[in-house]
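Just below is one structure, and these are the notes that go with it.
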Amino acid sequence: QVQLVESGGGLVQAGGSLRLSCAASGRTFGNYAMGWFRQAPGKEREFVAAISRGGVTAYYADSVKGRFTISRDNTKNTLYLQMNSLKPEDTAVYYCAAGRSISIDGKRYDYWGQGTQVTVSS
């Protein structure tokens, strides 16, 4: 079992920045690829970014490429999502997830956090 707890969400104006964190406990964090997903009201969950176990490989959704950066610190069992140049359409609940291999498909992830709300005002 892996327990995941997100933090760092909040209300920010368009053009601003936020950094989300996802603290992991339980099994060895470095054994898992990690991903960020988001879900806006009335919409399906969508992929945001993912990172490989060692942090060498990263994938991004086209909508966030160049604005968001995913990273991880395996010594601190923590995943990050640096979000810059935020837009109102980035408003959503953001979830971190852990899986055996890096993927943009949420079905490939076994463990999920409870989510953190990000609201971007125009």
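Heavy-atom basis, side chains included; hydrogens, waters and symmetry copies ignored. Please read all numbers here as calculations on a predicted model, not as lab measurements.
Of all heavy-atom pairs spanning Leu18 and Val118, the tightest one is CD1-CG1, 3.9 Å. Residues Ser122 and Pro88 come closest through the heavy atom pair CB-CG, 3.8 Å. Counting all heavy atoms, side chain and backbone alike, Ser17 lies closest to Asn84 at OG-OD1, 2.9 Å. Of all heavy-atom pairs spanning Tyr109 and Gly35, the tightest one is CE2-N, 3.7 Å. Of all the heavy atoms in Asn31 and Arg53, the pair that sits closest is O-NE, 3.4 Å. Leu86 and Val12 get closest at one heavy-atom pair: CD1-CG1, 3.6 Å.
In the displayed structure, Lys107 atom NZ is contacted under 6.0 Å by at most 12 heavy atoms of other residues, nucleotides or ligands. Heavy atoms of other residues, nucleotides or ligands lying less than 6.0 angstrom from CZ of Arg45 number more than 12.
A donor-acceptor pair is defined here as one N or O able to donate and one able to accept, closer than 3.5 Å; no such pair exists between the side chain of Ser85 and the backbone of Arg67. With Glu6 contributing its side chain and Gln114 its backbone, the two residues share a donor-acceptor pair below 3.5 Å. The main-chain N or O of Asp105 is found under 3.5 Å from a side-chain atom of Ser103 such that the two form a donor-acceptor pair.
Within the cation-pi definition used here (under 6.0 Å to the ring centroid, within 45° of the axis), Arg72 qualifies as a partner of Phe29.
Between Asp90 and Lys87 there is no salt bridge, since no side-chain N of the basic residue sits under 4.0 Å from a carboxylate O of the acidic one.
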With side-chain contact (heavy atoms from CB on, under 4.5 Å) as the test, would you mind laying out the steps for Tyr94 and Gln39 before giving the verdict? CA-CA 7 Å; Tyr94 283 71; Gln39 188 167 20; over 6 Å; no
Between Thr75 and Asp73, does the side chain to side chain donor-acceptor pair (under 3.5 Å) criterion hold? Intermediate values first, please. CA-CA 5 Å; Thr75 67; Asp73 186 338; 2.4 Å; yes
Step by step, work out the side-chain contact (heavy atoms from CB on, under 4.5 Å) result for Cys22 and Met34. CA-CA 10 Å; Cys22 172; Met34 300 296 296; 4.3 Å; yes
After noting the C-alpha distance and the side-chain angles of Gln117 and Thr119, does the key distance pass the side-chain contact (heavy atoms from CB on, under 4.5 Å) rule? CA-CA 6 Å; Gln117 175 71 47; Thr119 303; 3.3 Å; yes
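Residues Thr69 and Leu81 are not in side-chain contact: their nearest non-hydrogen atoms beyond the backbone lie 4.5 Å or more apart. Residues Arg38 and Val64 are in side-chain contact: their nearest non-hydrogen atoms beyond the backbone lie under 4.5 Å apart. Counting heavy atoms from C-beta on, the side chains of Ile70 and Leu79 come closer than 4.5 Å.
Here NZ of Lys76 is found 12.0 Å from CG of Asn74. Values are rounded to the nearest 0.5 Å. Distance check, rounded to the nearest 0.5 Å: CD1 of Ile104 to OH of Tyr59 gives 8.5 Å. With rounding to the nearest 0.5 angstrom, the CD1 atom of Ile51 is 11.5 Å from the OH atom of Tyr80. Here the CZ atom belonging to Arg100 is positioned 4.0 Å from the OH atom belonging to Tyr32, to the nearest 0.5 angstrom.
Under a hydrophobic-cluster definition in which Ile, Leu, Val, Met, Phe, Trp and Tyr are linked whenever side-chain heavy atoms come within less than 4.5 Å, directly or via other members, Leu20 and Phe47 are assigned to different clusters. Both Tyr111 and Val48 belong to a single network of hydrophobic side chains, linked directly or stepwise wherever heavy atoms of I, L, V, M, F, W or Y lie under 4.5 Å apart.
Aromatic rings from Tyr95 and Phe37 are positioned such that their centres are separated by 6.0 Å or more.
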